[in-house]
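Working notes for the structure below.
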Amino acid sequence: MAEAELANTRSEAIVPDIQNPIVTVSNLSLYYGETQALFDIDMQIPEHRVTALIGPSGCGKSTLLRCMNRLNDLIDSVRIKGVVEIDNDDIYNSGYDVISLRRQVGMVFQKSNPFPKSIYENLVYGLRIAGENRRAVLDEVVERSLQAAALWDEVKDRLDESALGLSGGQQQRLCIARAIAVEPAVILMDEPCSALDPIATGRIEETIEELKKQYTIVIVTHNMQQASRISDYTAFFYLGRLIEMAETSEMFTNPQLEQTEDYVTGRFG
Amino acid sequence: MKNLLNRGPSAQVWKTGVPFIWLTGSALALCLLMITGLVALVMYNGTGFFWPSDIEAVIFKDGRKAMGQRWDKQEIPASNRTGSGQFRIQLKVGNRDVYGSDFQWIDESDIQSTDYPVDAVVFERREWGNFYGFVEALYEGENRVSNTWDVLQAQLDKTRERHEQIRQIEKDAIGDLNRQIESLRLKKREIEFGDGNADEIDAIDRESRSYWEAYERLADQLAQLRAANEIYRIDVRLIGGEVRQIATADVVRAYRPNRLGMLGKTSVYLSRVGEFLFDEPRESNTEGGVFPAIFGTVMMVFLMSLAAVPFGILAALYLREYARQGILVRVIRIAVNNLAGVPSIVFGMFGLGFFVYGIGGSIDQFFFSEALPAPTYGTGGILWASLTLALLTVPVMIVSAEEALSAVPSDVRAGSLALGATKLQTILRVVLPGALPGILTGIILVIARGAGEVAPLMITGVVKLAPALPVDGIWPFFHLERKFMHLGFHIYDVGFQSPNVEAARPMVYTTTLLLMGIVLALNLVAILVRNRLRKRFGGATF
């Protein structure tokens with residue numbers, strides 16, 4: 001069996017040397033009740049780069065993503081062992097402030113999830129809950145984040161209309177703009193284009209290209225082309241384990257393991 | 001073997017699915033038919049009541065005469081047929097003080113002739129029902145004033161004005177004095193129970209004497225007004241030739257339907273509808289208006305919603321957002337659902353025992369002990385009735401609010417939390433606004449359920465005739481301990497408990513129509529609000 005083989009033959013994943021990691025995951029295991037979903041993950045996320053997490057469905061990449069902003073806390077049955085450090089602080093430390101963590105680590109979900117509010121109120125939501133209500137500041141943030149998400153020209157005249165009236169691609173870019181409105185250090189993206197058509201996907205990829213100058217991005221994707229187009233590093237997961245992580249160009253041209261090669265070339269998975 | 005469905009032409013038809021479409025369609029059609037039939041019946045019987053129909057004067061073959069408004073016409077059952085006629089008509093002949101009964105059945109075969117005398121008058125009186133006849137003359141004391149219609153109408157207007165004055169004095173000025181005297185009496189009792197300070201008691205007695213003097217002055221004024229009204233009398237000739245005198249003070253409205261054109265009849269119609277909607281009932285509720293019942297119904301629904309809606313939403317929030325989903329929560333959910341199906345009279349008994357006797361009795365003991373043994377809160381009242389109904393409707397609210405909350409996608413919650421919101425912020429700013437249209441649907445259900453409920457009210461505060469509205473100009477303006485009137489109970493009372501059921505029947509339909517209209521209006525308001533919210537929030541998700 002492939003799994004048994006894996007577990008026996010190789011406990012260490014192949015990972016690159018990363019100079020200035022912003023997120024460091026060490027020895028992370030995660031359980032849903034009795035079922036283990038992540039096995040001893042060790043990886044580092046480089047700052048101001050796009051890191052793509054790939055792997056077949058159910059391999060734990062979304063679960064790992066949600067560990068980085070502690071969104072797994074919402075599920076009662078989840079238990080976690082190991083350490084996740086952001087800026088050298090262990091975020092699972094009992095004294096750690098989850099609210100401020102989530103302001104530092106933004107997230108974009110698989111399905112766009114605008115709030116039932118106006119476009120404007122969606123964008124300033126993060127600021128309002130942090131207590132910022134000065135109109136001038138909010139206006140400035142709305143324009144900046146919409147510009148960054150390449151949505152400004154399309155919605156600038158209807159900021160007071162409901163966000164639910166936007167198209168799917170626009171809604172997803174609105175969610176990206178909403179995430180960057182609070183200026184996080186890291187943006188987590190959980191298959192942000194899986195529900196979009198190719199044109200909307202292209203727009204979002206352009207947006208990501210722009211954003212990586214300022215933000216660190218971790219993106220889960222099932223689309224190999226997308227991973228190769230937009231990411232700087234790629235990490236391949238299989239059955240809850242990190243198998244291999246490398247610079248994207250190397251990962252897609254010259255992977256170290258046959259298993260990785262099989263997956264990225266589409267022979268299995 | 002061949003498929004069963006493939007055999008024969010009938011099987012072919014079944015395969016097309018058409019019979020099933022017909023089955024479902026006709027089920028819906030039947031439902032609609034029953035509902036529209038109900039509404040149409042109520043509308044037909046309810047709206048015609050106020051129309052001033054013509055007065056028929058009937059001369060019998062044996063020379064007797066009768067006059068009145070056509071009420072009904074039916075076929076005579078074959079077993080009861082005495083004459084040759086097939087039909088009999090029911091005339092509302094009025095003049096109950098003369099004939100003893102308002103109605104007379106007449107076999108068509110007994111009728112010699114029917115005509116419509118132009119001078120026949122309907123007097124709607126404050127007591128004894130309608131009076132039908134011809135005006136002979138108007139008298140002031142012993143002096144004959146005139147017999148012209150215009151003079152009579154002018155005099156009726158004046159009497160009505162004075163009548164209004166009398167009513168105002170009775171209700172406002174004297175009512176006010178009564179309350180002052182009563183509160184002084186209670187104060188005196190309190191002092192007597194306490195230290196019994198003689199000076200204070202003297203002061204109270206003096207004050208109370210001054211009120212009694214004021215009362216006597218008002219009573220004199222009332223006597224004068226009444227006397228001024230009572231000297232005006234009208235001689236009315238009945239169809240039989242006999243002449244009767246009626247006081248102008250007793251007349252609410254007088255008109256000659258046979259002379260009125262469409263316009264005149266419409267104006268009488270509107271005036272009667274206005275009286276129905278905005279006046280108080282007369283003649284043990286069979287005549288006059290239902291304003292106190294409208295007021296009581298609407299106010300009770302508001303109070304009930306005020307209690308049931310916030311509680312229901314809070315309970316649903318805990319169940320859906322905070323409680324750990326497990327067996328206990330499932331059991332609670334089933335219990336809540338079952339509570340919504342408990343017969344309403346059970347809630348009524350509980351309300352009587354818990355709210356009225358339990359809480360109300362304790363309130364009386366602690367805060368209104370000087371008024372005992374007369375209860376203040378320890379008896380049925382609009383507050384207790386509303387709370388009882390709130391108890392009855394809160395399960396409906398919980399169930400629908402929970403459904404509305406669970407319809408908010410969990411991704412939206414996660415999105416808010418991922419932006420650094422606390423759980424409370426997420427609920428207040430994202431979940432509740434998203435669930436609001438669904439919650440409003442729940443409020444609509446609560447209103448519909450609450451407005452239509454009568455049984456529990458009968459034992460927690462509804463009365464046949466409430467002397468005062470629960471809201472008035474006297475501090476503290478809202479008198480939630482007062483008993484009140486309700487349209488649903490009014491229907492039951494007028495239809496089945498009144499001494500003159502036949503005359504009251506149209507009133508039942510009209511009141512039913514009104515109750516349906518009010519429930520519809522309350523629902524419409526809620527639906528409009530919901531649609532506005534939907535528009536504001538885009539409506540794609542909800």
Side-chain angles (χ1 to χ4, degrees), chain A residues 65-66 68-77 97-119 121-131 160-168 171 174-175 178-184 187-190 195, chain B residues 313 317-330 401 403-442 529-542:
Chain A
L65 201 68
R66 283 166 177 253
M68 294 180 192
N69 66 351
R70 288 186 58 175
L71 216 53
N72 283 326
D73 293 10
L74 302 184
I75 304 164
D76 290 332
S77 61
D97 179 9
V98 186
I99 302 296
S100 75
L101 165 73
R102 290 181 185 152
R103 281 193 193 129
Q104 268 184 73
V105 183
M107 184 157 187
V108 177
F109 292 77
Q110 182 171 1
K111 203 166 154 282
S112 62
N113 55 351
F115 303 139
K117 294 172 182 292
S118 68
I119 295 171
E121 284 303 319
N122 260 279
L123 291 162
V124 301
Y125 183 82
L127 295 173
R128 281 212 200 274
I129 56 177
D160 288 329
E161 285 174 31
S162 167
L164 301 174
L166 295 174
S167 74
Q171 284 191 6
L174 177 71
C175 291
R178 188 174 68 189
I180 57 185
V182 291
E183 305 209 304
I187 303 173
L188 311 173
M189 296 189 176
D190 190 354
Chain B
I313 294 174
L317 271 177
Y318 184 80
L319 275 179
R320 178 58 58 183
E321 303 290 328
Y322 290 108
R324 208 189 161 97
Q325 304 297 317
I327 288 185
L328 186 64
V329 166
R330 279 230 297 281
E403 252 158 47
L405 289 173
S406 62
V408 176
S410 61
D411 262 6
V412 172
R413 287 185 183 80
S416 166
L417 293 169
L419 279 167
T422 62
K423 186 140 192 172
L424 183 65
Q425 283 171 328
T426 302
I427 289 173
L428 291 182
R429 292 172 185 238
V430 176
V431 178
L432 274 183
L436 212 50
I439 289 175
L440 273 161
T441 306
V529 172
R530 184 179 62 185
N531 288 353
R532 278 183 70 105
L533 286 174
R534 278 220 181 111
K535 218 179 265 169
R536 222 175 89 204
F537 295 142
T541 325
F542 309 106

Residue part contacting chain B, namely of A:V105, when any heavy atom lies under 4.5 Å: backbone
Side chain to side chain donor-acceptor pair (under 3.5 Å) involving B:R530 - partner list, sequence neighbours excluded: B:T441
Chain B contact via A:R70 - which portion, at a heavy-atom distance below 4.5 Å: neither
Under 4.5 Å from any heavy atom of chain B - which part of A:I99: both
Pairing residues for B:E403 by the salt bridge (charged side-chain N to carboxylate O under 4.0 Å, His left out) criterion, not counting sequence neighbours: none
Residues forming a side chain to side chain donor-acceptor pair (under 3.5 Å) with A:R66, sequence neighbours excluded: none
Residues in residues 417-428 of chain B near chain A [non-hydrogen atoms, under 4.5 Å]: B:L417, B:A418, B:L419, B:G420, B:A421, B:T422, B:Q425, B:T426
Gap between atom CD1 of B:I313 and atom CD1 of B:I439 - 0.5 Å precision: 4.5 Å
A:F115 backbone acceptor or donor facing A:N122 side chain under 3.5 Å: yes
Reported CE-to-CG distance for the pair A:M189 and A:L65, which is rounded to 0.5 angstrom: 10.5 Å
Salt-bridge present (A:E121, B:R429; N to O < 4.0 Å): no
A:N113 side chain reached by B:R413 side chain, heavy atoms, under 4.5 Å: no
Toward chain B, the part of A:P114 with a non-hydrogen atom under 4.5 Å: backbone
